[in-house]
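Notes follow once the structure below has been shown.
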Amino acid sequence: MIGKAEIAVLDFLKQLQFPGIRHGEGSSSVCDFLKRNGYNFTPDLVAGPNNLEHAPIEGLFFVDVIEPSPDLLFKSSASHNLSIDVSGIFKKILDDAAINQEQPSINALPTEHHQFYLDVLNKKLNKYSHQRRFTRAGKDVISANLGIVHHFNLGRVSGKNVENVQGLITLLDYVRFYKSLASSKNTDLSVAANRLLKELTNPDQKGPFVMIAFREWDDVPQLFLGIHVRATKSDATADFAIILLNTALFDANGFTHPVYQWFGLIVQRSFPEDVTKSEHGDQVLTIGFNKDDNHFS
């Protein structure tokens with residue numbers, strides 16, 4: 001069954017003119033093609049030529065969608081397989097901040113539960129990691145390209161008010177998780193997150209707001225990892241994204257297929273130059289949050 005998250009991400013990528021993007025799961029023609037080529041799993045979305053037979057395996061792009069649940073942060077029962085009660089700690093952080101008349105920080109949350117996020121991500125990657133082939137020369141390993149998108153629907157945004165507060169807090173926690181996937185200080189990711197939050201409340205937004213940050217991930221089938229945010233502003237749908245792009249995509253393929261050419265264009269159309277400016281990342285953004293509004297259970 002095709003879910004709302006997959007539909008939202010597909011619509012977003014179509015707005016960005018991702019070449020040939022379409023549903024994978026639920027499409028008999030896509031499923032039949034992949035089975036004939038030894039793929040035992042069908043990705044949520046597939047990009048490539050109208051006739052997939054016309055592209056080599058490295059000319060296709062698979063996209064899988066994950067819609068994270070806020071349960072770990074807001075329901076004690078969700079932590080029963082972990083060594084800590086994440087939601088209990090979060091509630092205490094808010095209680096202590098209220099008592100001390102301080103602004104709580106999401107960075108005060110522990111990170112042990114990020115292992116759960118990583119397990120879910122790795123499960124997706126492992127579905128495709130064995131689907132690699134050697135070139136005819138028997139030297140280079142090739143594979144279909146894979147992107148993983150974490151989707152968040154924040155509901156209606158009015159002024160500086162966000163309907164889905166749990167989703168917003170979970171989104172910020174996933175930014176923290178993304179930072180753990182690189183050994184650098186991730187200044188670019190901090191800047192991107194701040195800019196996304198500012199644009200979220202921008203009443204004059206025109207079109208999707210996309211930011212690119214580059215990462216060097218060796219020997220993984222994953223060529224991009226993305227956060228996609230959808231909200232409703234003034235009765236219109238608004239899309240936002242932070243995309244971590246594996247530089248191996250450009251090193252290995254030299255823009256020989258439409259999907260690679262598209263990535264080159266989207267980099268030019270996004271805002272990479274602003275991501276390097278530290279003045280954006282140094283700012284502290286405050287989110288109003290009433291812990292008594294039945295968020296915890």
Side-chain angles (χ1 to χ4, degrees), residues 1-31 33-34 39-48 52 60-72 114 116-129 131 143-155 164 166-168 170-175 177-178 181 192-193 196 200 208-213 215 217 220-232 237-246 249 259 262-263 266 270:
M1 181 178 178
I2 299 173
K4 292 182 179 179
E6 289 84 355
I7 293 173
V9 173
L10 175 61
D11 177 64
F12 166 66
L13 292 176
K14 283 185 173 179
Q15 290 182 64
L16 297 181
Q17 299 180 325
F18 201 124
I21 192 71
R22 75 204 80 173
H23 286 295
E25 193 73 41
S27 169
S28 58
S29 61
V30 172
C31 292
F33 167 81
L34 293 175
Y39 282 82
N40 299 318
F41 302 98
T42 306
D44 296 319
L45 308 174
V46 176
L52 296 181
L60 302 179
F61 216 107
F62 298 165
V63 179
D64 261 3
V65 179
I66 300 172
E67 186 172 18
S69 168
D71 286 358
L72 275 178
H114 287 177
F116 173 77
Y117 297 168
L118 183 61
D119 290 344
V120 174
L121 177 60
N122 281 335
K123 185 177 180 180
K124 287 282 190 182
L125 292 175
N126 288 337
K127 287 169 56 176
Y128 301 96
S129 62
Q131 302 288 5
S143 65
N145 312 290
L146 178 63
I148 305 291
V149 178
H150 289 98
H151 168 77
F152 297 86
N153 189 330
L154 299 186
N164 184 3
Q166 289 188 357
L168 178 60
T170 307
L171 160 66
L172 296 177
D173 192 41
Y174 262 82
V175 172
F177 166 61
Y178 272 32
L181 300 178
L196 187 152
L200 184 65
F209 186 80
V210 180
M211 289 164 291
I212 304 290
R215 292 294 182 270
W217 290 315
V220 293
Q222 170 189 317
L223 289 182
F224 80 83
L225 182 63
I227 288 176
H228 170 243
V229 180
R230 173 156 283 191
T232 301
T237 297
D239 290 282
F240 316 83
I242 300 173
I243 298 176
L244 300 186
L245 191 57
N246 190 350
L249 183 149
V259 286
W262 178 85
F263 273 109
I266 201 66
S270 68

(message) If I take atom OG from residue Ser69 and atom CZ from residue Phe116, how far apart are they, to the nearest 0.5 angstrom?
(response) 8.0 Å
(message) Any non-hydrogen side-chain atom of Ile66 less than 4.5 Å from a side-chain atom of Val120?
(response) yes
(request) Calculate, to the nearest 0.5 Å, the distance between atoms CZ and CG belonging to Arg215 and Leu245 respectively. (result) 10.5 Å
(request) Identify the heavy atoms of Asp239 and His228 that sit nearest to each other, and give their distance. (result) OD1-NE2, 2.7 Å
(request) Please report the closest heavy-atom contact between Tyr117 and Asp173, naming both atoms and the distance. (result) OH-OD2, 2.8 Å
(message) Is there a side-chain contact between Leu52 and Arg22 in this structure, where contact means two heavy atoms from C-beta onward sitting under 4.5 Å apart?
(response) yes
(request) Report yes if some heavy atom in the side chain of Pro43 is under 4.5 Å from a heavy atom in the side chain of Leu146; otherwise report no. (result) no
(message) Can a side-chain donor-acceptor contact be found between His23 and Asp44 if the only test is distance below 3.5 angstrom?
(response) no
(request) List the steps, then state whether side chain to side chain contact (heavy atoms under 4.5 Å, CB included) holds for Leu10 with Leu13. (result) CA-CA 5 Å; Leu10 175 61; Leu13 292 176; 5.6 Å; no
(request) Given side chain to side chain contact (heavy atoms under 4.5 Å, CB included), test Ile21 with Val46 step by step and report yes or no. (result) CA-CA 6 Å; Ile21 192 71; Val46 176; over 6 Å; no
(message) I want to check something: taking the side chain as every heavy atom from C-beta on, are Phe61 and Phe263 in contact at a cut-off of under 4.5 Å?
(response) yes
(message) Minimum heavy-atom separation for Cys31 and Gly26, please, with both atom names.
(response) SG-N, 4.4 Å
(request) Kindly indicate, with the supporting measurements, whether the criterion side chain to side chain contact (heavy atoms under 4.5 Å, CB included) is fulfilled by Leu171 and Ile227. (result) CA-CA 8 Å; Leu171 160 66; Ile227 288 176; 3.3 Å; yes
(message) Ring centres under 6.0 Å, that's the criterion: do Phe18 and Phe12 meet it?
(response) no
(message) Please find the pair of heavy atoms, one from Pro68 and one from Thr170, that lie closest to each other, and give the distance.
(response) CB-CG2, 4.4 Å
(message) With a 4.5 Å cut-off on side-chain heavy atoms, are Asn246 and Phe224 touching?
(response) no
(message) Could you check whether His114 and Tyr174, counting side-chain N and O atoms only, form a donor-acceptor pair closer than 3.5 Å?
(response) no
(request) Find out whether Leu121 and Leu225 are in side-chain contact, i.e. whether some heavy atom of one side chain is under 4.5 Å from a heavy atom of the other. (result) yes
(request) Measure the CD-CG distance between Gln166 and Leu154 for me, rounded to the nearest 0.5 Å. (result) 12.0 Å
(message) Minimum heavy-atom separation for Leu60 and Gly48, please, with both atom names.
(response) CD2-CA, 4.2 Å
(request) Would you check if Asp11 and Arg230 make a side-chain contact, meaning some heavy-atom pair closer than 4.5 Å? (result) yes
(request) Using a 4.5 Å cut-off on heavy atoms from C-beta on, say whether the side chain of Asn153 contacts that of Lys4. (result) no
(request) Quick one: pull up CG in Leu45 and OG in Ser27 and give me the separation to the nearest 0.5 Å. (result) 11.0 Å
(request) Quick one: closest heavy-atom pair of Gly167 and Asn164, and the distance? (result) N-OD1, 2.8 Å
(message) Centroid separation under 6.0 Å, is that true for the rings of Phe152 and Phe240?
(response) no
